[in-house]
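Keep in mind that this is a model prediction, so the values were computed, not measured.
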Amino acid sequence: MLDAEDLAAYAATCGELAPRYTQTSHPDYQAPPTIATSLSPGQRMPIGFPKIAGLGMDAGKAVCSMKPIRPGVTITGKSHMHDIYTKTGRSGRMVFFVIRMELFDPQGDQLAWADTSVVIREKPQS
Amino acid sequence: MTISRIEDVQFGEELPVFDPDTSLDNVKRFAVAAGWNRPRFTDHEAARAEGLPGALVPGIMSQGFLAAMIHRWAPDAEVQLVDTVFRAPVVVDLQYHINGVVTDIDEEEKLIEIDLTLTNDADETRVFGTAKVLIG
């Protein structure tokens with residue numbers, strides 16, 4: 001459940017000026033459209049997923065907003081491994097994992113999805 | 001000038017440049033509000049101890065800057081998708097600039113696409129993204 005004041009602070013610090021994101025008393029008050037990427041699943045990788053040796057970094061985030069997310073509403077997030085692919089460059093192979101989290105309201109309607117891309121640069125074999 | 005109707009949007013139109021507030025105080029307020037209150041975002045010394053160039057602006061905040069920039073240009077626009085690639089760290093207390101350009105207009109669906117780039121004072125790209133936006 002998201003707190004109205006926290007959402008307003010989130011929006012204002014990002015530079016939002018639209019009252020529907022910054023004023024909690026606005027009749028259409030809602031979370032800023034990128035809020036879904038800030039919500040972290042407790043378990044990121046699937047249970048039993050193999051570990052890849054290397055340096056992991058956040059490569060990017062995508063967020064799709066389908067319906068407004070309002071404060072005070074219980075939200076359920078479901079995460080899955082959405083994509084895995086590799087790129088090979090001069091410095092070796094990089095493995096990209098895309099983890100998608102889907103958010104639903106209590107009626108089961110999807111509110112948003114958010115992808116987090118993690119890249120792991122494989123350690124060169126000695 | 002702000003935009004409220006898709007008929008007013010021009011292909012290739014550049015959005016007004018937005019210089020986001022990346023001061024330590026502002027990033028701290030964001031980190032607390034987002035539940036991401038970690039030293040690597042709020043403490044330069046702690047971040048340097050992790051091998052970082054300084055405290056970092058969280059990627060989710062950079063993404064929030066992009067959406068805010070769109071709303072400053074088109075206050076009633078509905079930002080449906082923001083796809084962001086983090087190319088290099090965005091360091092707290094340094095100056096950054098965000099540019100945006102309209103790259104596609106679908107008048108039937110009232111959807112536009114915008115390419116967005118966050119650069120530093122040396123004009124080096126730190127973050128870039130694409131947004132799909134519904135306008136009037």
Side-chain angles (χ1 to χ4, degrees), chain A residues 1-24 26 28 30-40 42 55-69 71 82 87 96 98 100-101 110-119, chain B residues 2 18-38 40 51-52 56-90 96 98 127-134:
Chain A
M1 211 180 284
L2 300 169
D3 177 77
E5 296 296 337
D6 284 344
L7 293 178
Y10 190 114
T13 52
C14 287
E16 282 284 0
L17 299 177
R20 67 186 184 281
Y21 302 117
T22 60
Q23 294 178 11
T24 58
H26 191 277
D28 191 29
Q30 58 189 272
T34 59
I35 193 73
T37 48
S38 73
L39 307 174
S40 302
L55 180 63
M57 291 177 293
D58 195 349
K61 290 183 186 297
V63 59
C64 178
S65 174
M66 296 164 172
K67 288 186 172 182
I69 295 177
H82 187 66
K87 287 183 180 177
F96 289 78
V98 181
R100 173 165 293 185
M101 181 170 58
Q110 189 166 359
L111 302 172
W113 57 254
D115 285 352
T116 297
S117 298
V118 177
V119 57
Chain B
T2 57
F18 173 43
D19 294 345
D21 182 353
T22 57
S23 66
L24 190 60
D25 277 353
N26 195 52
V27 173
K28 278 182 180 175
R29 287 204 302 133
F30 174 84
V32 169
W36 283 46
N37 192 7
R38 299 168 201 156
R40 66 161 48 187
L52 300 167
L56 301 183
V57 174
I60 58 169
M61 189 177 194
S62 292
Q63 197 174 50
F65 292 153
L66 303 185
M69 178 187 184
I70 294 167
H71 288 135
R72 284 166 170 250
W73 172 67
D76 296 326
E78 193 180 305
V79 177
Q80 294 190 336
L81 179 79
V82 185
D83 193 352
T84 317
V85 176
F86 306 130
R87 290 189 62 176
V90 177
Y96 294 93
I98 305 177
V127 176
F128 67 87
T130 306
K132 286 188 180 178
V133 181
L134 186 69

| Trace of the side chain to side chain contact (heavy atoms under 4.5 Å, CB included) decision for K61(A) with V82(B) | CA-CA 8 Å; K61(A) 290 183 186 297; V82(B) 185; over 6 Å; no

| request: Select, from P33(A), P32(A), S38(A), the one with the greatest count of heavy-atom pairs under 4.5 Å involving chain B. | output: S38(A)

| message | As an exercise: rank N26(B), V85(B), D21(B) by heavy-atom pairs under 4.5 Å with chain A and give me the winner. | response | N26(B)

| task | Counting only heavy atoms closer than 4.5 Å, note whether P75(B) contacts chain A via side chain, backbone, both or neither. | result | backbone

Contacts table for residues 5-19 of chain A: side-chain donor-acceptor under 3.5 angstrom, sequence neighbours left out:
unit_1	atom_1	unit_2	atom_2	d
T13(A)	OG1	A9(A)	O	2.8
T13(A)	OG1	Y10(A)	O	3.0
E16(A)	OE1	H71(B)	ND1	3.0
E16(A)	OE2	H71(B)	ND1	2.8

| query | NZ/K132(B) to SG/C64(A) distance, rounded to the nearest 0.5 angstrom? | reply | 9.0 Å

| query | Roughly how far apart are M61(B) CE and T37(A) OG1, rounded to 0.5 Å? | reply | 12.5 Å

| query | At a heavy-atom separation under 4.5 Å, does R29(B) approach chain A through its side chain, its backbone, both, or neither? | reply | both

| said: I'd like to know which of A34(B), A33(B), P58(B) tops the heavy-atom pair count under 4.5 Å against chain A. | reply: A33(B)

| field | Contacting region of A88(B) [heavy-atom separation from chain A under 4.5 Å] | value | neither

| Spacing of OG belonging to S65(A) relative to CG belonging to L134(B), to within rounding of 0.5 Å | 11.0 Å

| request: Applying side chain to side chain contact (heavy atoms under 4.5 Å, CB included), run through L81(B) and W113(A) and close with a yes or a no. | output: CA-CA 10 Å; L81(B) 179 79; W113(A) 57 254; 3.8 Å; yes

| note | Greatest number of non-hydrogen atom pairs under 4.5 angstrom with chain B, of T34(A), V63(A), I35(A), falls to V63(A)

